[in-house]
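For the single chain, residues carry numbers from 1 onward in sequence order. As the structure lists them, so they are numbered: ligands from 1, and atoms in each ligand from 1. Here the structure is a predicted model, which means the values were calculated and not measured.
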Amino acid sequence: MFGREFNSLNKEGKKVGILGVPFSKGNGKTGAEQAPTAILEHGLLKSLTNFDANPNLDVEDFGEVKFSSKKLKRPVSDIKNYAEFIGCIERVSKRVHSIIEEGRLCITIGGDHSIAAGTVDGHARAKDGNIAILWIDAHADINTPKTSHTGHPHGMPLSFVVKELRDHWSEYPEIEWRTPIVPARNIAYIGLRSVDDYERLIIDRLGITAFGMDEVDDLGIPEIMRRALKVIDPEQNRSIHLSFDIDGLDPLEAPATGTPVRGGITLREGIQIVETVYKTGRLGAFDLCEVNPQMGREEDVRKTLQAATDLIKAATGHRRSGRTAKIPT
Ligand SMILES: [Mn+2]
């Protein structure tokens with residue numbers, strides 16, 4: 001008796017593309033390359049389109065990005081696995097660019113967080129630089145190759161894409177394709193609790209909006225979201241790039257990750273962040289990175305895969321309170 005109402009639920013015709021990036025050479029640990037397969041096998045596509053979620057959602061699974069390491073004109077010693085990193089993110093940038101050009105929300109499943117250097121680049125090119133970046137993470141991921149203590153690219157993706165830091169990469173080979181056109185003022189962080197001294201300096205110098213866990217405690221997520229979106233998308237006309245490192249969540253709720261830091265946001269707060277961005281109607285790209293199915297016990301892995309699934313569901317418009325069937329007029 002309710003058939004017609006239920007069939008009208010996805011009237012807005014939301015189109016989503018899912019892209020896997022099985023890359024883990026950016027963080028010095030293996031395991032994150034297994035996350036795209038593990039999250040799909042956990043039942044992602046079914047949870048996005050089943051009757052409780054959104055039966056009419058237009059989801060296209062674009063499979064996994066194929067990539068290989070670049071032949072370098074000169075060796076790079078201060079960035080680990082540089083040839084693999086640059087080979088991967090160039091491909092990621094192209095794929096994300098074309099999925100967004102198709103009018104789809106691009107959901108990229110990593111892989112370690114270095115892949116966001118490619119997703120942001122592709123998104124920025126598709127929107128002529130008119131994007132806002134919301135970065136949910138325990139870490140700031142904005143080291144330059146010279147300030148990084150570890151040399152791991154997963155600590156550097158933001159410096160790769162930020163306009164003001166483009167010269168810090170200019171000496172490195174095989175990056176002519178990149179378009180660092182997003183200004184630092186278009187970025188906001190939420191959930192920081194492990195920030196290097198140089199990263200703090202970069203954040204302050206460039207005036208990047210950054211909410212650490214202390215501010216999450218003081219203000220709460222709704223106020224932080226209001227302030228963050230006001231700064232990074234003041235005219236409410238930008239395509240929003242939500243880059244979610246699963247280690248932004250507290251390790252109690254997402255333990256299977258390579259660099260956990262205790263005292264993070266809850267899964268509920270994480271979902272609330274994603275829901276708030278979804279409600280703007282301008283979510284253009286969503287990254288879910290750093291799930292590592294090799295870390296911890298089976299129970300830890302299952303919990304983390306479910307947390308990742310819940311966040312991705314929120315990015316496609318799933319509402320915890322259920323949807324309202326619109327009566328056809
Ligand atoms: Mn990260």
Aromatic plane relationship, F160 with W177 - under 30° parallel, 30 to 60° tilted, over 60° perpendicular: tilted
Carboxylate-amine/guanidinium proximity below 4.0 Å for D58 and R104: yes
Would you call K94 and E90 a salt bridge, taking side-chain N to carboxylate O under 4.0 Å as the test? yes
Count of protein N, O or S atoms below 2.8 Å from the Mn ion (ligand 1) equals 4
Taking atom types as modelled and ignoring hydrogens, do the side chains of S243 and H113 form a donor-acceptor contact shorter than 3.5 angstrom? yes
E290: which of T257, N27, T259 passes side-chain hydrogen bond (donor to acceptor under 3.5 Å, both in side chains): N27
Co-membership, hydrophobic cluster, residues L242 and V291, 4.5 Å side-chain: yes
